[in-house]
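Computed from a predicted model, the values in this text were never measured in an experiment.
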Amino acid sequence: MATIEIAEMMKTLRTERAHTNKELKKLDKVIAVLRDLSTNSMSTRHGKRRMSAAARRKIAAAQRKRWAKFRQQQA
């Protein structure tokens, strides 16, 4: 009689283990998606952009032009 109870307990435990494994696989998928989302957003924020010397000269010239216009309006 005790062997029957043990066998039923083993069967129940195996069923619970299978259910738990399915739930863990679902959680792993969710974690993987969230990890991908977080790494994608972080990689775009932390990348340094290099600007060419020509681009810096263009920006500086445009800023000088804006300041000259501002000073003209102030005078």
Side-chain angles (χ1 to χ4, degrees):
M1 196 163 186
T3 57
I4 294 173
E5 291 175 11
I6 292 174
E8 286 182 31
M9 287 175 52
M10 298 269 296
K11 183 180 177 183
T12 303
L13 288 173
R14 286 187 181 120
T15 304
E16 286 182 29
R17 182 177 64 187
H19 177 72
T20 303
N21 280 337
K22 286 180 185 177
E23 292 297 315
L24 285 173
K25 286 180 183 180
K26 288 179 187 177
L27 286 172
D28 286 341
K29 287 180 183 179
V30 170
I31 290 169
V33 168
L34 290 174
R35 185 181 328 121
D36 288 344
L37 289 175
S38 69
T39 55
N40 287 342
S41 65
M42 288 176 64
S43 66
T44 57
R45 271 192 269 152
H46 295 295
K48 285 193 173 186
R49 294 184 181 178
R50 303 283 171 147
M51 194 181 306
S52 67
R56 284 194 297 272
R57 282 192 299 270
K58 284 173 117 177
I59 291 170
Q63 187 62 38
R64 283 193 295 272
K65 188 176 177 181
R66 284 191 293 272
W67 273 112
K69 182 179 177 182
F70 174 77
R71 288 186 189 114
Q72 261 185 351
Q73 290 174 350
Q74 295 296 317

query = Pairs in or reaching into residues 51-66: which pass side-chain hydrogen bond (donor to acceptor under 3.5 Å, both in side chains), with residues at least two apart or in two chains?
reply = Q63-R66
message = Does atom CD (E23) have a neighbourhood of more than 12 heavy atoms from anything else shown, all under 6.0 Å?
response = yes
ask   = Which residue pairs pass the ring-ring contact (aromatic ring centres under 6.0 Å, His included) test with at least one member in residues 51-75, sequence neighbours excluded?
value = W67-F70
Side-chain donor-acceptor contacts of residues 26-34 below 3.5 Å, not counting sequence neighbours, with atom names and distances?
none

Name the atoms and distances for all side-chain donor-acceptor pairs under 3.5 Å in residues 7-20, with sequence neighbours left out.
from	atom 1	to	atom 2	distance (Å)
T12	OG1	E8	O	2.9
T15	OG1	K11	O	2.9
T20	OG1	E16	O	2.8

